[in-house]
Amino acid sequence: LNAGSIAIASGHGRSGGDFLVSGGHGTLAEGGSIRIAGGKGATTSGRVDISTESGMETSSASGAISLATGSTSSATSGSVTVRTGNANGQAGDMTFMGGNSMSSSAASITLQAGLSNDELGGSTYVASADAGSVDVVAGLHGLSGDIGLSTGTSVVGDSGTISITTGDSENQAGGIVLLGGVSTLGEAGAVILQSGALSSHIPGASGKVDVSSGSVSASLESISGSVTMHSGSSTSASGTVAVHSGSSQAGASGNVLIASGDS
């Protein structure tokens with residue numbers, strides 16, 4: 001037979017009654033904890049569902065769910081840990097999904113580290129375990145979205161750097177591929193490498209673009225990597241490879257230097 005259920009509900013009214021569950025205060029040590037757990041089962045343990053109800057009217061908004069630790073004035077605030085359990089077979093997945101919309105913009109997902117008034121702000125770290133992948137994809141149904149990767153703007157100091165690197169390896173290290181999308185009807189996606197512009201009237205220089213292969217220092221019989229620039233093949237006319245310096249209105253324009261290394 002099934003075991004009996006327990007239902008605890010606050011009262012109905014023009015405004016529904018609140019339902020508060022609170023651990024006890026600790027005057028000399030830590031306060032009391034609250035634990036919500038599904039029951040053990042012979043096949044699957046019980047679920048824990050936390051959700052707000054739908055609005056009673058079609059124009060009513062559903063309620064929000066807030067998961068936060070308390071603030072503190074001098075000590076460290078508590079952490080929020082969301083994880084699935086370990087398993088001898090396949091461990092459970094974790095899904096963060098914004099809601100769909102039938103007539104307006106769908107919900108967004110924001111991962112943001114905290115700010116600090118005196119020191120550096122918090123970091124946001126996304127990593128896979130051993131041999132796992134990290135995929136960032138914009139748009140899966142119909143229209144493709146944009147992916148923007150940028151550092152924040154700085155008013156008084158330097159802005160942050162973006163580093164894209166693969167891990168070191170005792171065997172063959174991973175490569176980095178920058179590839180524009182394929183098009184069946186229009187123009188295929190472009191790949192643009194451009195340094196930052198100089199917008200101030202104070203004399204300075206715009207950013208550099210440095211393309212080079214890695215150095216070799218471990219073995220006298222090894223050679224450094226090649227740098228190849230070429231346009232794609234075509235059944236009609238292939239593209240042009242142009243190497244030139246920028247124009248100058250007041251001074252001399254830059255030089256184009258092509259030279260092999262010393263031997």
Side-chain angles (χ1 to χ4, degrees), residues 47-51 64-69 76-101 105-116 119-154 157-184 187-196 207-216 218 224-228 232:
R47 299 191 312 174
V48 175
D49 294 331
I50 301 177
S51 63
I65 294 178
S66 178
L67 182 64
T69 63
T76 302
S77 64
S79 302
V80 175
T81 302
V82 181
R83 57 163 297 174
T84 63
N86 299 327
N88 290 329
Q90 180 174 344
D93 295 324
M94 187 176 297
T95 302
F96 294 92
M97 181 182 297
N100 299 327
S101 175
S105 297
S108 301
I109 295 178
T110 302
L111 297 178
Q112 178 177 326
L115 303 176
S116 175
E119 298 185 13
L120 296 176
S123 300
T124 301
Y125 187 59
V126 179
S128 66
D130 294 342
S133 300
V134 176
D135 295 329
V136 180
V137 180
L140 294 176
H141 307 285
L143 297 177
S144 170
D146 295 330
I147 294 179
L149 183 63
S150 64
T151 62
T153 303
S154 177
D158 298 337
S159 65
T161 302
I162 295 179
S163 298
I164 301 177
T165 60
T166 63
D168 299 334
S169 173
E170 293 183 355
N171 297 315
Q172 180 173 342
I176 295 178
V177 178
L178 299 178
L179 183 64
V182 177
S183 175
T184 56
E187 184 174 346
V191 176
I192 299 175
L193 296 178
Q194 179 176 329
S195 64
K208 297 191 303 180
V209 176
D210 190 358
V211 180
S212 63
S213 63
S215 301
V216 175
S224 63
S226 302
V227 176
T228 304

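Just so it is clear, the values below take in all heavy atoms, side chains as well, and ignore hydrogens, waters and symmetry mates.
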### Query
For S154 and G157, which heavy atoms make the closest approach, and how far apart are they?
OG-O, 2.8 Å
#### Entry: Shortest non-hydrogen separation from G214 to S224 and the atoms involved
O-CB, 3.5 Å
### Message
Please determine whether a side-chain nitrogen of the Lys or Arg among D49 and R47 lies less than 4.0 Å from a carboxylate oxygen of the Asp or Glu.
### Response
yes
### Task
Using a 4.5 Å cut-off on heavy atoms from C-beta on, say whether the side chain of I162 contacts that of T151.
yes
### Message
Heavy-atom count check: over 12 atoms from other residues, nucleotides or ligands less than 6.0 Å from I164 CD1?
### Response
no
### Query
Does CE belonging to M97 count more than 12 external heavy atoms closer than 6.0 Å?
no
### Query
Between T124 and Q112, what is the shortest heavy-atom contact and its length?
OG1-C, 4.3 Å
### Summary
Rounded to the nearest 0.5 Å, the OG atom of S128 sits from the CG atom of D135 at a distance of 9.0 Å
### Summary
On a heavy-atom basis, the closest approach of G85 and A91 is O-CB, 3.9 Å
### Task
Answer yes or no: is there a donor N or O on one side and an acceptor on the other, between the side chain of S226 and the main chain of T228, under 3.5 Å?
no
### Task
For A113 and G122, work out which heavy atoms get closest and say how close.
CB-O, 2.9 Å
#### Entry: Test item: V136 and L149 side chains (from C-beta on) under 4.5 Å apart, heavy atoms
no
### Query
What is the minimum heavy-atom distance between V134 and V126, and which atoms define it?
CG1-CG1, 4.1 Å
### Message
Could you measure the distance from the OG1 atom of T69 to the CG atom of L67? Nearest 0.5 Å is fine.
### Response
9.0 Å
